[in-house]
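Residue numbering restarts at 1 for every chain, and letters A, B, ... go by the order of the sequence lines. It should be emphasised that the depicted structure is a prediction, and the values quoted were computed from it without experimental measurement.
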Protein chains: 2
Amino acid sequence: MRRKDDGKRDSIKKAVVQVILEQGMHAASVSKIAKAAGVSPATVYVYYESKDDMLRDIYIEYAENIYKVLLNHLSIDMPGDIFIDRFVREYYQYIIEYEEVFHFVEQFGGCPLSHGCHILKGPERLNDILMQYQRLGVLNNYDIKNIWAMLLYPVKAVVKDSKNSESTSQKQLDEMIMIIQKALLK
Amino acid sequence: MRRKDDGKRDSIKKAVVQVILEQGMHAASVSKIAKAAGVSPATVYVYYESKDDMLRDIYIEYAENIYKVLLNHLSIDMPGDIFIDRFVREYYQYIIEYEEVFHFVEQFGGCPLSHGCHILKGPERLNDILMQYQRLGVLNNYDIKNIWAMLLYPVKAVVKDSKNSESTSQKQLDEMIMIIQKALLK
DNA sequence: CTTGACAATAAACGAATGTTCATTTAATAT
DNA sequence: ATATTAAATGAACATTCGTTTATTGTCAAG
């Protein structure tokens with residue numbers, strides 16, 4: 001039996017996020033995606049049941065990704081301030097480096113097609129680390145959702161600013177990290 | 001000569017944000033929007049040159065809106081902690097109350113069609129107030145963009161959480177306000 | 001080798017897309 | 001009253017949409 005070409009599935013995945021970044025969700029048709037992937041539109045339906053299914057699948061695959069990246073660079077052994085510094089910097093770098101992926105996840109996440117795709121914000125392991133820092137008296141005992149909010153959301157603003165102003169964004173990120181540290185550390 | 005029916009322009013505007021909230025950007029066609037507005041598809045082109053133009057126009061009209069609302073409830077006379085409390089609560093309430101508008105602005109803002117629609121984040125007057133609080137030694141002298149980031153972005157996370165958990169969101173918002181106050185006030 | 005299973009595609013599908021146009025409707029000015 | 005103007009629209013435009021089908025190509029098991 002002939003085997004499915006994993007490279008082809010990957011091409012399609014990459015084409016999806018690329019086309020959506022360049023043209024927007026409303027213009028990301030199966031044909032355009034297929035062309036960008038170097039594949040026939042019909043081939044898409046070998047790998048996915050429908051367009052909606054494809055978007056949902058890719059969303060789920062990518063949405064958890066950032067947490068794995070963060071986990072690879074973080075551990076409970078770090079002092080609290082270093083932990084926050086690393087956390088925020090890694091998240092910032094991820095957004096910059098995987099711009100297409102991040103944009104797709106943000107865009108698709110706020111669209112009715114994604115309702116039902118339940119993505120846990122901050123998977124178990126990372127959540128545990130945060131709560132352990134709280135038990136150790138390093139992090140303030142805020143609602144864990146608020147901890148997540150402070151660690152993730154302000155950085156998005158810094159990224160957006162960096163796309164408009166270009167040069168001063170490094171200093172802005174450094175300052176933001178300090179603000180977050182002051183807010184979360186005991 | 002027959003006059004333009006301003007109610008019709010408004011119907012279209014409302015239909016745009018409503019359809020996009022319910023069906024997503026990629027499914028918001030001119031026909032669906034027209035139907036939701038109780039209008040012929042051709043009528044849309046009496047008021048707007050093209051679909052893209054329509055979306056851009058409505059985006060610009062709505063994007064500045066939140067800042068006007070905030071200005072109406074804020075003044076330099078308040079103590080710093082009250083100012084932040086009001087600011088964040090008004091923003092939160094705006095997102096909840098005008099869910100469709102907020103969703104449309106967020107969604108369209110992250111789509112290539114909006115590149116070029118220059119929306120100033122935080123119009124002059126509100127920016128002045130923030131900087132005056134800094135000169136008065138009430139707010140920390142952080143980059144004004146970081147002040148904006150802290151005032152706007154974490155609240156978005158709280159709203160998202162509130163859509164999943166329902167009940168505990170009031171306490172979460174109260175706590176978030178305290179965190180922001182501690183972070184920004186001297 | 002042969003054969004069978006499945007990947008891959010070109011071609012075609014009806015439905016829907018954004019937009020235009022000829023026409024009708026209704027408000028104003030004469 | 002009536003002519004004038006532009007709003008409003010239904011019907012049609014070419015194009016593109018997402019998807020299916022029929023056919024071909026290719027690899028792995030027997």
| query | To 10°, what angle do the rotation axes through the five end pairs on each side of the helix from C/dG14-D/dC17 to C/dT30-D/dA1 form? | reply |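 That helix has its two terminal axes inclined by roughly 20°.
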Look at the side chain of [X] and the backbone N and O of [Y], then say whether any donor-acceptor pair between them is shorter than 3.5 Å.
X      : Y      : value
B/K32  : B/A27  : yes
A/Q132 : A/I76  : no
A/N146 : B/Q172 : yes

| query | B/D53 and B/Y45: side chain to side chain contact (heavy atoms under 4.5 Å, CB included), yes or no, with the steps? | reply | CA-CA 10 Å; B/D53 236 57; B/Y45 290 86; over 6 Å; no
| Short side-chain N/O contact from A/S29 to OP1 or OP2 of D/dT16, under 4.0 Å |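 Result: no.
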| message | Does A/Y98 have more than 12 heavy atoms from other residues, nucleotides or ligands lying within 6.0 Å of its OH? | response |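 Not buried by this count: 12 neighbours or fewer within 6.0 Å.
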Spacing between [X] atom [atom1] and [N] atom [atom2], to the nearest angstrom:
X     : N      : atom1 : atom2 : result
B/K32 : D/dC17 : NZ    : P     : 15 Å
B/H26 : D/dT16 : NE2   : C1'   : 15 Å
A/Q23 : C/dT17 : CD    : P     : 19 Å
A/I33 : D/dT16 : CD1   : P     : 16 Å

| request: Kindly indicate whether a cation-pi arrangement holds for B/K13 with B/F104, taking the cut-offs as under 6.0 Å to the six-membered ring centre and within 45° of the axis. | output: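 Cation-pi check for B/K13 and B/F104: fails.
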| With a distance cut-off below 6.0 Å to the six-membered ring centre and an angular limit of 45° from the axis, does B/R56 pair with B/F108 as a cation-pi contact? |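 No, cation not above the ring by the 6.0 Å, 45° rule.
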| task | Output the residues of residues 38-56 of chain B in contact with DNA chain C, where contact means a heavy atom of the residue under 4.0 Å from an atom of the strand; sort by number or write none. | result |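 Hits under 4.0 Å, by residue number: B/A42, B/Y45, B/S50, B/K51.
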| Should the pair B/K182-B/D81 be classified as a salt bridge under the 4.0 Å nitrogen-to-oxygen rule? |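 Salt bridge between B/K182 and B/D81, a charged N being under 4.0 Å from a carboxylate O: no.
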